Amino acid sequence: MTAQKKQAEQIKEISGVNPLKCMKCGKCSASCPSYNEMDIKPHQFVSYVINEDIEALVHSKSLWKCLSCFACIERCPRDVKPGKLIDAARQLVVRKKGGDYLSPDEMAQLLDPEIPQQLLVSAFRRYRR
Amino acid sequence: MQRVGVFVCHCGSNIAATVDVKKVAEMALMEPGVVHAEDYQYMCSEAGQARIQEAIREKQLTGIVVCSCSPRMHETTFRTAAQRAGLNPYMVEIANIREHCSWIHKDMEEATKKAVLLMRAAVAKVNLNTPLRPGESRVTKRALVIGGGIAGIQTALDIADAGYEVDIVEKTPSIGGRMSQLDKTFPTLDCSACILTPKMVEANAHERITIYTYSEVEKVTGFVGDFTVDIRKKARSVDMNKCTGCGVCQEKCPSKKTPSEFNRGLSTRSAIYTPFAQAIPNVPVIDREHCIKFQTGKCGVCAKVCQAGAIDYEQKDEIITQKYGAIVVATGFDMIRLDDYDEYAYSQSKDVVTSLELERIMNAAGPTKGHLERLSDGKAPKEIVFIQCVGSRCADNRGKSYCSKICCMYTAKHAMLIRDKYPDVNVTVFYIDVRTPGKNFDEFYRRAVEEYGVNYIKGQVGKVIPQPDGRLLVQGVDLIDNRQILKEADMVVLAAAIEPDPDVRKIATMLTASIDTNNFLTEAHAKLRPVESPTAGIFLSGVCQGPKDIPETVSQAGAAAVKAIGLLAKDKLLTNPCTAHSDELLCNGCSQCANVCPYGAISYEDRQVNDHGIREVRRIAVVNDALCQGCGACTVTCPSGAMDLQGFSNRQILAEVDALCR
Amino acid sequence: MSIEAKEEFRPKIVAFCCNWCSYAGADLAGSSRLSYPADVKIIRVPCSCRVNPMFILRAFEKGADGVIICGCHPGDCHYTTGNFYARRRMTLLFSMLDFIGVESGRTRVEWVSAAEGVKFSATMNEFVEKIRSLGKNVRLEDLRCQNV
Amino acid sequence: MKYSYYPGCTLRNKAKALDDYARASALALGFELEEISEWQCCGGVYPLGSDEIATKLSSVRALNAAKEKGQDLVTLCSACHHVIKRVNDDMKNVEDIRTRANNYMALEEPYAGETTVLHFLEVLRDRVGFDRLKEKVVHPFTGKRIGAYYGCLLLRPGRILEFDNPENPRIMEDFIRAIGAEPVLYPYRNECCGGYVSLKEAELAKGMCDKIHKSASGFGADMLITACPLCMYNLNKSQTGGLPVYYFTELLARALGVCEACGNSREEDGEVTSL
Amino acid sequence: MPECVKTMSQAEREIHLMTAQQQTTQTQVVNRAKELLADGTVARVLGWKAGELPYAPQPAYFEKEEDLEEFVYNGFCGANLSKYMIEASKLDGKTLVCLKPCDTYSFRQLMKEHRVDREKAYIIGVGCKGKLDIEKIKAQGIKGIQSIQGAERTDDADTLTIQTLYGERTCAYADVMLERCHVCKGKEHMIFDELIGESRDTKDRDRFAQVKEIEAMTPGERFAFFQKELSRCIRCNACRNVCPACSCRKCVFDSSQFDSAQKANADPFEEKMFHIIRAFHVAGRCTDCGECSRVCPQGIPLHLFNRKFIKDINEFYGEYQAGADLEPRGPLTSYVFEDVEPGIVAERG
């Protein structure tokens with residue numbers, strides 16, 4: 001199995017998503033509140049996984065722009081749920097050594113007194129191994 | 001003991017090249033009961049058949065085995081040949097030594113050995129064959145059509161024109177169905193009423209058509225050629241014979257707040273009403289639930305104003321029992337409810353409407369008298385957005401898995417009509433795919449784009465966001481330009497999925513007609529028998545079988561009519577003699593077999609039996625030959641072996657097993 | 001090399017095929033010249049639901065080494081529901097045979113449509129291969145004849 | 001009536017008010033929130049990777065603790081609610097996760113999703129009933145126009161959370177009616193506030209919240225209520241719309257007249273009281 | 001066997017017996033049956049009468065009040081009388097029938113199959129605290145049995161006292177219960193006109209434990225196990241005759257339908273397959289009453305076949321208890337589209 005294929009399989013496994021179910025209606029992209037911030041758009045995630053171009057996916061800005069608001073998951077008519085693919089790709093990055101998106105130093109700078117704990121907890125959960 | 005003849009076919013070299021046909025014939029003579037065996041170049045040829053017939057006559061054969069191609073190919077040929085020579089056609093068995101032997105094996109010895117085994121199995125079976133005679137059942141020369149939409153009307157007209165009596169049962173107060181609610185029809189833009197009304201009138205006037213409106217099928221018994229149906233004619237509270245259709249009662253009725261079904265709830269109607277002006281029959285009904293007289297006992301205005309004295313508050317439901325030879329289901333469709341699609345704000349904004357509601361808005365007899373206006377404030381819209389595939393092609397549990405088929409075309413129609421009549425209104429269509437397979441269909445869609453400037457955007461809408469100023473912000477995506485779109489609109493039209501009328505499930509159960517998970521009736525064969533139900537004598541017309549547009553519905557209605565006529569034209573029906581039979585001495589009457597019978601062919605009766613001197617009344621399974629199709633499900637369910645299948649009896653199959661394992 | 005040349009084991013296999021799908025699928029395999037071993041012999045039944053467990057046991061009794069039942073795919077039955085019942089019956093019967101120690105590989109159900117000539121042939125090849133690997137069926141015959 | 005209660009980390013700290021008011025209100029409404037002992041942080045995000053187990057265990061512990069007491073588990077923070085309800089669904093319906101989680105946990109009796117998880121609002125709706133709540137209100141917010149802000153976590157995925165219609169919810173609106181105010185329906189009430197990304201993508205989150213404020217004030221809301229500390233934080237950061245934002249429990253406590261009982265009151269208390 | 005050594009004084013035992021007798025279900029049933037015979041409600045009583053041996057009561061009809069003196073009801077009345085109601089349903093008048101909780105499942109299953117007439121039955125649901133297996137008593141080394149006390153008691157006393165040629169012995173009630181009572185379906189009667197006596201749920205074992213044990217064996221071991229068991233079968237048909245589900249007017253093995261009749265001697269097939277087919281024919285209808293194993297003179301655990309089917313049915317198609325309802329369709333006469341494929345058997349390995 002090529003490395004690309006393996007990564008693609010990994011993404012499918014982590015997410016539990018079958019990208020082949022997608023009918024390319026774009027409802028995910030139509031629903032996404034972060035659409036304009038993303039370089040790879042939600043509806044394109046499926047193609048990247050099918051084409052096994054996971055490198056592009058994991059280097060995409062979109063991973064960090066996704067709000068995990070589940071709008072795409074809720075509305076997907078094909079039960080594909082691109083949000084899960086994005087999350088899986090993010091997992092792939094942070095599970096790698098050195099893949100942390102957020103360092104404790106950086107964190108310290110971002111802090112403001114009003115920040116609720118859950119934001120910090122979740123940021124660590126989402127961005128770090 | 002039978003006198004069996006075995007005929008081994010060379011099929012040119014198809015069989016003979018791999019199977020030693022002479023050897024097979026030679027071996028056949030050693031089988032019990034075999035008194036004649038021969039081989040020939042082409043058994044199915046005239047000459048081959050003549051040889052078989054000659055042998056039957058000369059050797060007084062009581063059964064024959066033809067070792068040849070698949071029975072699916074020539075069983076009928078050989079049965080007919082045998083019958084002409086005076087042999088019961090069910091005394092013929094085929095050993096398939098071509099498809100199942102010579103064509104798949106290369107080694108002559110091996111293939112010959114197998115051919116001999118197959119021959120032996122067939123001989124063993126034919127030794128146990130008994131002459132079977134198809135039963136006969138009579139045909140009532142009258143058809144029932146359930147549903148009075150365009151499908152039902154067309155089917156009824158076609159059957160009636162062929163000279164048979166037809167009854168239409170329609171549950172609403174008028175025939176006409178969904179088509180009567182449409183404004184214009186694609187791809188020709190005819191006025192729907194203009195082409196439908198004449199058909200309704202014709203059906204009403206036809207001497208061989210009886211229309212029962214405001215009526216429902218309540219009970220169905222019997223079988224192909226001989227159904228007995230109870231029809232409940234709901235109390236109309238108006239005497240059909242006296243009413244002149246003047247309409248004064250509807251005008252004067254003080255209860256006017258009931259949502260109009262015909263206008264999809266966009267306007268109201270009186271409690272005594274005809275659904276629309278061209279209704280047939282043009283006799284109103286009193287909706288007792290909303291009638292002041294029925295609810296409070298006080299009122300009676302309609303009776304007072306009716307000069308014909310047609311109002312009859314005492315009228316009761318009436319049950320009509322009628323016999324039919326054939327039943328056509330034409331129960332049609334409705335749009336799905338959009339409760340689960342709140343992201344499109346259907347329940348939050350009056351200006352988000354379904355396509356069928358738009359039909360009513362566009363229609364001169366509709367709630368806005370045909371003016372295109374927003375239902376919230378009556379203002380003329382400047383921007384209209386259409387959203388396709390709302391609830392169609394869904395793999396989630398909110399919608400339907402299928403394509404509703406008609407939406408692409410009617411949306412193009414709507415877009416075109418709006419642009420034509422109101423050139424200052426911009427029309428945008430969000431679509432996933434535009435599906436236009438049909439004569440002049442793609443051209444029609446292209447006209448919408450090219451001549452009428454309708455803006456088609458490939459991409460779905462995620463959310464419709466009502467704005468404080470009453471406009472609607474449509475958040476969608478353009479997949480080709482790869483950008484998210486925020487579009488302000490004054491109206492949004494949803495192409496909601498269509499689904500079979502929910503009542504069809506009830507009707508299918510009564511008819512024992514099979515139905516799929518989406519409530520569409522199943523056809524007997526998807527390709528070759530598309531207008532017949534697997535249940536004999538039941539035919540399918542229109543959307544009850546699957547989504548289709550008007551031209552398709554009308555063609556299918558005609559096809560269903562022809563199938564029904566084909567049935568009604570017969571005086572008697574020959575029934576398949578390979579049916580199940582219950583041995584009254586073995587039957588326990590335990591009712592297990594009826595549980596698995598897909599045709600409702602098994603019933604039970606208390607019968608006096610004489611079981612070796614014991615005389616007693618026993619509950620015995622009885623198979624109706626006309627209904628039984630011979631699947632054999634009952635035979636395996638029966639623990640005592642009382643139920644057996646003619647032509648494929650337990651002993652016959654066991655004989656084959658024995659011969660093959662010898 | 002042993003003195004007796006070991007004769008190749010040719011199993012006896014009975015295939016019950018429903019008339020509407022699988023028998024037609026077998027015909028298609030034939031007309032497409034998709035070969036499978038001659039060990040397989042087909043018995044035509046109207047529907048897979050016509051197959052009585054007695055037939056299967058009888059085949060084993062008479063020396064069959066494997067029995068396969070082929071019918072329309074679930075949902076496609078010519079008689080609408082026959083194969084659904086067959087499926088339950090065969091599942092339970094096979095489970096019972098397995099329970100008493102008869103190798104589960106000797107029995108099989110396969111759904112083959114009239115269009116699946118390729119599948120029919122492939123299934124039969126596979127099944128024969130399986131039975132060959134299992135060898136001669138002795139267990140059912142021996143069930144009650146314990147060597148004393 | 002006693003419920004097991006999972007407050008979560010934020011309610012111990014930044015959102016103490018959300019917690020205090022809820023407990024006081026609960027007592028006034030005749031039920032008690034019994035904090036489960038030694039709860040651990042839920043992690044704040046539901047691990048979407050279907051192979052994640054360890055990150056789900058703290059939720060399982062909380063769920064099992066409630067099961068052992070034979071109580072329903074009540075949550076207040078949207079994030080905790082989301083995580084715990086979804087983990088519970090996994091434990092009930094996903095065999096693989098159930099098996100592996102139980103292997104880690106080594107409980108006396110395996111946990112298989114027996115506990116019912118309720119959001120405080122669900123308790124109000126399904127157990128107390130908004131009609132009964134209405135009867136208990138002593139200081140109704142008559143004349144106030146309040147916009148409910150749901151956010152994502154309470155509603156989606158609708159099929160698992162089964163909290164309310166995810167596209168057109170009404171539970172908070174019904175709540176607003178029950179405390180005597182007028183709910184303002186505005187379309188952005190179930191859109192994301194920017195949630196998790198506000199740490200690193202502050203601008204992005206601000207943009208989201210601006211839309212929410214604008215939409216709500218456009219439809220005439222005087223204020224917003226929320227159940228989520230993170231939403232609260234984000235909505236407060238954006239001041240374009242300028243609507244004040246309150247936890248729904250603050251208004252509840254005020255309406256029930258139990259504010260004073262909460263002791264540890266915030267500055268805003270004065271403001272709420274003066275409403 | 002330390003308990004067996006323990007003996008009661010004669011006086012103690014007599015007192016014990018007397019109090020027990022006052023409360024026996026037997027007495028109550030007899031009294032009630034007399035009333036019902038007298039007022040014409042029923043034409044006959046179907047129950048048990050003492051057999052030649054103290055532990056072998058036989059099913060019997062009683063048509064007169066005085067006949068009822070012979071009526072017995074005790075721990076050895078294992079026989080399920082439901083099946084007798086098939087014939088009794090053809091007689092004039094109602095038959096009073098005594099059914100234990102587990103027997104009522106069979107009765108309901110027979111009702112479902114239109115084999116018994118509910119209108120012809122007056123059902124007295126008799127209390128049951130588990131029925132006894134004489135073989136298990138004998139296996140305790142108790143021989144020369146003359147009489148047994150304790151089997152008829154309805155209280156929770158847990159010992160049997162047995163008079164033998166070699167003196168008095170005792171043993172624990174629970175140790176000598178029929179296997180089926182250890183997997184009791186419960187103490188509720190599924191159908192009755194009136195109830196007499198207390199019942200006890202005696203379930204203390206996993207019903208499928210032995211099936212699971214066998215499933216865990218290798219195919220070779222399984223085969224050896226059944227070969228050993230079935231080799232003892234003498235085709236006496238006792239299992240078939242007692243089984244309430246095996247109620248065919250004429251058994252398929254006795255008819256010519258499958259060429260299976262009159263060939264038994266020539267062809268061992270029938271004997272080999274008899275039990276498999278019998279179990280298959282009752283699959284989905286067998287209430288697991290355990291009568292087949294109870295009556296087998298060779299002690300073959302025939303119920304294992306039925307239980308294997310029940311276990312599979314529960315696993316594949318959802319929990320099902322024959323006779324628990326009157327729904328006409330059973331697991332083999334219904335289906336769902338998503339049913340497991342037969343291939344699951346091979347997959348399970």
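Chain letters run A, B, ... following the sequence lines, proteins first, then strands; residues in each count from 1. These numbers were taken from a predicted model, which means no experiment stands behind them.
Top candidate by heavy-atom pairs under 4.5 Å with chain C, chosen from Gly647(B), Ala111(B), Gly630(B), Pro71(B), is Pro71(B). Ranking Lys113(B), Met73(B), His105(B) against chain C, the residue ahead of the rest is His105(B), based on heavy-atom pairs under 4.5 Å.
For Glu31(B) and Arg662(B), the salt-bridge test passes: some basic side-chain N is under 4.0 Å from an acidic carboxylate O.
What you find for Ile131(C) and Arg106(C) is that their closest heavy atoms are CD1-CA, 3.7 Å.
With hydrogens and angles left out, the side-chain atoms of Arg87(C) and Ser48(C) include no donor and acceptor closer than 3.5 Å. Judged purely by distance below 3.5 Å, without hydrogens or angles, the side chains of Thr575(B) and Asp625(B) never pair a donor atom with an acceptor atom.
Using a 4.5 Å cut-off between heavy atoms, Thr522(B) does not touch chain C at all. For Asn14(B), the part lying near chain C is the side chain, with the backbone staying farther off; criterion is any non-hydrogen pair under 4.5 Å. Residue Ala121(B): no heavy atom, backbone or side chain, is found under 4.5 Å from chain C. Of the two parts of Tyr36(C), the backbone and the side chain both hold a non-hydrogen atom closer than 4.5 Å to a non-hydrogen atom of chain B. For Arg98(B), no part lies near chain C; criterion is any non-hydrogen pair under 4.5 Å. Ala86(C) does not touch chain B: none of its heavy atoms, backbone or side chain, sits under 4.5 Å away. Interface residue Val45(C): backbone and side-chain heavy atoms are both found under 4.5 Å from chain B. Neither the backbone nor the side chain of Val67(C) comes within less than 4.5 Å of any heavy atom in chain B. Only the side chain of Phe16(C) comes within contact range of chain B, with heavy atoms under 4.5 Å apart.
The side-chain tip of Arg108(C) does not point at the ring of Phe127(C) from less than 6.0 angstrom away and within 45° of straight on.
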